[in-house]
Novice: 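My structure is below; once you've seen it, I'll send some questions.
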Amino acid sequence: MNEAIKRYEAMGIDVEAALQTLKNIPISIHCWQGDDVIGFDGAGSLSGGIQTTGNYPGRARNFEELKADITAAFALMPGKKRLNLHASYAVLGEDAGKVDRDAYSYKHFVPWVEFAKTIGLDGIDFNPTFFAHPNMKDGLTLSSPHESVRSFWVEHGKRCMEIAAELGKAFGKPCLVNIWIPDGLKDVPADRLTPRLRLKKSLDEILENYDKEWVIPAVESKVFGIGLESYTVGSNEFYQNYAAQKGICCLLDNGHYHPLEYVSDKIPALLAFYDKVALHVTRGVRWDSDHVVLFEDELKEIAKEIVRNNATEKVLIGLDYFDASINRIFAWVTGQRSMQKALLFALLLPHETMRKLQDEGDFTALMDLQERTKTMPFTCIWEEYLRREGLTDEYLPAIRTYETRVLSKRI
Ligand code: RNT
Ligand code: ZN
């Protein structure tokens with residue numbers, strides 16, 4: 001460990017400062033890895049052009065099971081954690097079957113707040129759920145040509161903004177509300193503009209009167225969905241212009257671009273214009289497959305952009321993947337730890353020296369330094385961080401025990 005610190009110090013890195021910074025960067029962890037994005041409000045299956053693949057046993061089927069799994073998973077995750085909830089995880093109680101999404105209220109999420117406080121989370125982020133519901137007509141929600149459909153979803157959006165304000169207040173930290181809709185077409189459209197104008201109108205209505213102190217609204221674009229390959233109403237250009245005009249936030253999901261477009265490059269482009277940028281960190285394999293986030297090159301690049309631009313408070317990091325082919329708790333923890341590793345890796349880089357080399361045009365020395373940073377004794381610092389968080393790098397055994405004791409009994 002001391003030897004490792006010395007090596008980093010020789011490169012001008014303050015290891016202690018890096019460790020302190022890392023543990024204070026919040027990561028918003030999605031609730032939906034635990035139950036394959038099904039939710040509690042009755043849909044029973046996923047729709048909207050997204051899909052979870054695999055049928056590993058042990059999916060959480062209700063609030064109690066999901067809470068138990070979140071407790072088990074989050075206990076193995078280092079650092080500051082927020083919970084990212086979808087509206088479809090409302091705890092309806094006696095309102096089940098009586099209250100629809102256009103009438104959800106804060107009381108349906110109070111049990112989540114109590115739970116999040118019990119396990120020491122930093123806050124809750126929120127998402128209206130514009131999918132897996134009978135009121136999607138022809139796969140459309142906020143862009144629907146049917147006024148009754150469109151207004152139902154606008155009301156849902158408004159309810160979510162109200163709920164989010166309460167969630168923000170409950171923790172004394174603003175709540176990010178991310179709007180993603182599945183709206184699109186499988187085949188060649190006859191009209192690409194009008195659905196977008198309807199979406200714009202719907203968003204304007206949802207954002208008419210929200211609590212600016214406690215709610216940070218974001219819009220998430222996408223290229224295509226399964227069965228919706230030809231046209232996506234909420235495209236990148238649409239939302240980026242919308243967000244700029246309205247003074248809200250863009251959310252970049254790194255599975256939502258063409259495979260050779262990189263979110264690591266988009267972050268600084270947006271930071272030149274926006275006060276905040278939100279992320280859905282995922283891993284797309286050939287498509288928007290939402291594989292478990294791993295400690296890979298693009299993740300490292302994303303983390304570098306956050307760290308070297310002093311944007312740890314401007315970039316709101318959220319995770320978005322759902323793998324049902326392996327133990328879901330392991331999937332959850334591995335993705336979160338990968339994000340933390342990438343942030344630590346970025347915090348241990350000599351950014352100022354490298355920036356100077358770039359500006360001086362000494363690209364030879366820059367390449368040399370960039371390559372040398374890759375073989376620094378990173379493991380030692382990562383293990384020290386885990387040790388301070390009361391954890392170790394061997395987390396699978398605890399998950400296996402939980403699997404035997406709890407998950408395997410869910411038949
Ligand atoms: C879908 C989007 C969206 C969802 C979640 C469940 O392509 O990435 O963010 O994954 O809202
Ligand atoms: Zn996403």
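Here the structure is a predicted model, which is why all the values come from computation and not from measurement. Order of appearance sets the numbers: ligands from 1, and atoms from 1 within every ligand.
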Novice: With a cut-off of 2.8 Å, which protein N/O/S atoms are close to the Zn ion (ligand 2), if we only count those under it?
Specialist: E220 OE2, D253 OD2, H280 ND1, D320 OD2
Novice: Please give the N or O to N or O pairs under 3.5 Å between ligand 1 and the protein, distances rounded to 0.1 Å.
Specialist:
unit_1	atom_1	unit_2	atom_2	d
ligand 1	7 (O)	K222	NZ	2.6
ligand 1	7 (O)	H256	NE2	3.0
ligand 1	8 (O)	E220	OE2	3.0
ligand 1	8 (O)	D253	OD2	2.9
ligand 1	8 (O)	H256	NE2	3.0
ligand 1	8 (O)	D320	OD2	2.8
ligand 1	9 (O)	E220	OE1	2.7
ligand 1	9 (O)	E220	OE2	3.2
ligand 1	9 (O)	H280	ND1	3.1
ligand 1	9 (O)	D320	OD2	3.1
ligand 1	10 (O)	D320	OD1	3.1
ligand 1	10 (O)	D320	OD2	2.8
ligand 1	11 (O)	H86	NE2	2.7

Novice: Yes or no on side-chain contact (heavy atoms from CB on, under 4.5 Å) for R159 and R101, after CA distance, side-chain angles and deciding distance?
Specialist: CA-CA 8 Å; R159 293 302 83 70; R101 288 188 193 165; over 6 Å; no
Novice: Between F378 and L344, is a side-chain contact (heavy atoms from CB on, under 4.5 Å) present by the stated rule, with each step listed?
Specialist: CA-CA 9 Å; F378 174 72; L344 180 60; 3.6 Å; yes
Novice: Provide the closest heavy-atom pair for R337 versus W382 in the form atom of the first, atom of the second, distance.
Specialist: O-CH2, 3.7 Å
Novice: Is it the case that more than 12 heavy atoms not belonging to K356 sit under 6.0 Å from its NZ atom?
Specialist: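 No, the 6.0 Å shell around NZ holds no more than 12 heavy atoms from other groups.
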Novice: Does K314 count as lying over the ring of Y274, i.e. NZ or CZ under 6.0 Å from the six-ring centre, within 45 degrees of the axis?
Specialist: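 Cation-pi check for K314 and Y274: fails.
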Novice: Just checking, K67 and F63: is the charged tip under 6.0 Å from the six-membered ring centre and within 45° of the axis?
Specialist: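 Verdict for F63: a cation-pi partner in K67.
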Novice: Sort out for me which residue in N254, I267, L319, D253 forms a side chain to side chain contact (heavy atoms under 4.5 Å, CB included) with L279.
Specialist: I267
Novice: Is it the case that the side chains of T129 and Y89 hold a donor-acceptor pair, with the cut-off being a distance below 3.5 Å and no angle test?
Specialist: no
Novice: For W32 and H86, take the angle between the two ring planes, folded into 0 to 90°, and tell me which bin it lands in: parallel under 30, tilted 30 to 60, perpendicular over 60.
Specialist: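 Rings of W32 and H86: perpendicular, over 60°.
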